[in-house]
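Read through the structure below, which is laid out as structure tokens, and then see the notes.
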Amino acid sequence: MEPERDGELRIPRGETETDDNDQVESSRLSPESMESAERPRGPWFRALTIEERILIGFGIAFLGVLAICALSYSSIRVLLDNGGRDTKSHELIQLLRDIDIATDGAEKQLRRYLVTGDPLYLQNYQEVAKQKREALHDLHSLVRGVGEQERRAERLGAVLEQQFAAQAQAIAKFAEGGTRSVKKMAFDGVAKREIEEIHRIVAEMDRHEREALRRRVTESTAETRTTSVLLAAGAFLQLVLLASVYSLIRHDITQRRRVADELKRHSRLLEAANKELESFSYSVSHDLRAPLRHIDGYAALLRKAMGDALNERAARYLDTISASAQQMGRLIDDLLMFSRMGRQDMVRTTVDLGRLVSEVLEGFRLDLQERHISWTIDPLPLVIGDSAMLRQVFVNLIGNAVKFTSTKPRAEIAIGIDRQTATEVVVFVRDNGVGFDMQYASKLFGVFQRLHRADEFEGTGIGLANVRRIVHRHGGRVWAEGILNQGATFYVALPRGEERA
Amino acid sequence: MKVAKPILLAEDNPRDVELALAAMEAHHMADKVVVCCDGAEVLDYLYCRGPFAFRQKGNPLVVLLDLKMPKVDGLEVLRVMKADATLRSIPVVMLTSSREERDLRESYALGANAYVVKPVEFTQFVSAVKELGSLWGLINEPPPDPS
């Protein structure tokens, strides 16, 4: 009775689900997965992504640079410090020599004065003594806070004061009694003991300062050597680190390039396959329909030629031949459309679903004249999409609702918004028709998948496959809920708002 | 009735020709049909050359043109016709199996006057042929022959 049982034309479902295959393909090609598959390292290291590894590498390098900076800074501080103290030491030594010379100088000038009474010598003496005081003052400020040297400088100051006092006394005596009264002093020298003491202290301070100077030079040299070794080691470590980060990045780039090449190759293959498919479906469109037309045409001619001679059984055979040819014609048309919906470029615009649905309903009006259907159409949103393709979605969904309620005396069909979020809107088409068993829900959207016998409801089994393909191309989802003999609800989730072009 | 002018049917498949003639017969138009089996023959007919060198002068009422034909295909015939000043005015109806968008687009771009997809169902095919015949053969006023 019904030779076109749908089972005979069934093709494996998996082969038509291009969307799922795409996902498998893309995850297989991701750089991370290739990365972890190829690099045998420590477990913690392998767990990191390439970005994290590079970040860690750069982090360590950065800390290294910081450490080198700190080390250099402290070392330069020490060297600068020592340099400053060296300068002071040299000044100190100079001052000590000045004091030493000035002490002898002053002594000589005073003696000459005491012998000759020439005020010029006194003036010279006072000049040198003043220089000595200044030098002593400078000395004090130089050694301030430097323990031993400060103590020695104080003693030096005290002895100098004593010497000055003794000399001042000699000058006073000379003013009183003339050369004669200070003759002995002039020959023996004034404050000889103090002068010796001064020389001794100065020599001691000089020795001490030179000693400190030598120590500091040794220290600076050692410091410089340590610092250079540390800096060299640090720089070497930095180089190693940066080199490994570089090799990581390089490796990553190579991986990415390889993946990109792979993708390019795949897309070329896909393009070629697509082209082949296109010419294939073109041939199908042209050549497969012609024999079907002939079958139906000649069956009609035969029927006409036989006229009344045709018996009832032969007439039925001819009808079946015609019906089969026509069914196959519809299958070819639907398959071609299904193929076209997958290949055709999408023209994205703002689509008023409300208006689109009312236009679709208008298209059904003639077919529905004999039917009693109560429609509930809620206001529908604007979406972004290809309006011709979306129309096909609603033609199929509403057509199904109409078809599968045809056995019900009072059909009810509702269309509305199930829910909307910021990113998508879910539209439903609900009917109270024959419904379906939820255990077959996954089969609904496959090509040539039908849940009803061909003699129950007509159809080619492509409509919902087409719906799914179109919705997926829009970046949306489609699913269905149903209860046997109570009805079915089909949900279409479409992304809303701005879409990538 | 404009008896003198024929309908030119360009169709390579003899079964399609037979079915088309049967459909025309049902509407008493078959005697006006001239059949060409490929594009080259169509051009020979239009330019009165080769086997058609001695035919009665004058353009056909309408050309029913199949797309896929041996030697010269339908689109090529259409291109030649629409580029020729004496043939340009002949109405051309593409009569084909193809519903492919690019065929439609190219045909209209070249200046086809109509595009009819042959239905698989014979009854629909018959009615399509009848509509075509009555439009182009009866209702439509053909362009005057170029003098």
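Labels below follow one simple rule: chain letters A, B, ... track the order of the sequence lines, proteins then strands, and each chain is numbered from 1.
Atom CZ of A/Arg355 has 12 or fewer heavy atoms from other residues, nucleotides or ligands within 6.0 Å. More than 12 heavy atoms of other residues, nucleotides or ligands sit less than 6.0 Å from atom CZ of A/Arg330. The local environment of OH in B/Tyr108 is crowded, with over 12 non-hydrogen atoms from other residues, nucleotides or ligands closer than 6.0 Å. Within 6.0 Å of atom NZ in A/Lys403, more than 12 heavy atoms from other residues, nucleotides or ligands are found, so the atom counts as buried in its surroundings.
For B/Asn13, the part lying under 4.5 angstrom from a heavy atom of chain A is the side chain only.
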For residues 23-31 of chain B, tabulate all N or O donor-acceptor pairs below 3.5 Å that involve a side-chain atom, not counting sequence neighbours.
none

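Of all the listed residues (B/Val126, B/Val117, B/Asp103, B/Thr123), the one sharing the greatest number of non-hydrogen pairs under 4.5 Å with chain A is B/Asp103.
Heavy-atom minimum distance, B/Asp16 versus A/Ala290: OD2-CB, 4.5 Å.
B/Phe122 contributes atom CZ, which lies 7.5 Å from atom NZ of A/Lys304 (distance to the nearest 0.5 angstrom).
Heavy-atom proximity under 4.5 angstrom to chain B picks out A/Leu292, A/Arg293, A/His294, A/Asp296, A/Gly297, A/Tyr298, A/Ala300, A/Leu301 from residues 291-302 of chain A.
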